[in-house]
Colleague: 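Structure in structure tokens, see below.
In this chain, numbering begins with 1 at the start of the sequence shown. These figures come from a predicted structure and were not determined experimentally. In each ligand, atom 1 is the first atom listed, and ligand 1 is the first ligand listed.
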Amino acid sequence: MSNHASVLFVCLGNICRSPTAEGVFRKLVEQAGLQEQIHIDSCGTSNWHIGKGPDSRSLEAAGKRGVDISGHKARQFTEKDLDTFDYVVVMDRQNLADVKDIWHQNGGTKPTLFLEYGSSEFAEVPDPYYGGEDGFEHVLDLIEEAGAGLLRSIQEVMA
Ligand code: 4NP
């Protein structure tokens, strides 16, 4: 991996959780001065929202924490992502099962649950889509905490 790393965040729709994780993590990486070394992207396991911008509730929740995700456009996960990304980081167990199905056939980078990089009492970043505003704040809390842990873990490997 040397002094470069690539990270792909994966959720279901690529309009709520993974674009938020991408934006928050990009900010952490920039604050660490590692934007030239760490490549970041996000995608969804479904094809439901391809080409769409983030959900307005995610835009607002991220914006309140100084993270602008308005430039994002949703794309779908492909098996090629397992060959090109060093870290394939998924939000929940369903994402993990879906990506693992493809990983079993394709090989490449083994997907991991995002929250394993943090010290949260939770295992998953829950799908906020059908819930209220609180769900989006909770998603941001979980992502900020795990994102800091993920960056520390990558820095250890790159050191
Ligand atoms: P995401 O949230 O996976 O965090 O982007 C969702 C977005 C859309 C849907 C479900 C979850 N949907 O059912 O359309």
Colleague: For His49 and Pro54, indicate whether the former's side chain and the latter's backbone hold a donor-acceptor pair under 3.5 Å.
Modeller: no
Colleague: Against heavy atoms of Gly13, which atoms of ligand 1 measure under 4.0 Å?
Modeller: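 Those atoms are 1 (P), 3 (O), 5 (O).
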Colleague: With only distance considered, is Trp48 within less than 3.5 Å of ligand 1 through an N or O on each side?
Modeller: no
Colleague: Taking all atoms of both residues into account, what is the closest heavy-atom pair of Leu28 and Ala148, and its distance?
Modeller: CD1-N, 3.6 Å
Colleague: Near Ile15, which atoms of ligand 1 are under 4.0 Å from a heavy atom of that residue?
Modeller: 5 (O), 7 (C), 8 (C)
Colleague: For ligand 1, which atoms sit closer than 4.0 Å to a heavy atom of Asp127?
Modeller: 2 (O), 6 (C), 10 (C), 11 (C)
Colleague: In Å and rounded to the nearest 0.5 Å, what is the CD to CG distance from Glu79 to Asp101?
Modeller: 12.5 Å
Colleague: Compute the shortest N/O to N/O distance between Cys16 and ligand 1 and return yes if it is under 3.5 Å, no if not.
Modeller: yes
Colleague: What do you reckon, does His49 have a nitrogen or oxygen under 3.5 Å from a nitrogen or oxygen of ligand 1?
Modeller: yes
Colleague: Examine distances only and state if a side-chain atom of Ser18 and a backbone atom of Cys43 form a donor-acceptor pair shorter than 3.5 Å.
Modeller: yes
Colleague: For the 3.5 Å polar cut-off, considering only N or O atoms, please tell me whether Cys11 and ligand 1 meet it.
Modeller: no
Colleague: Within 45° of the axis and under 6.0 Å from the centre of the six-membered ring of Tyr129, does NZ or CZ of Arg57 qualify?
Modeller: yes
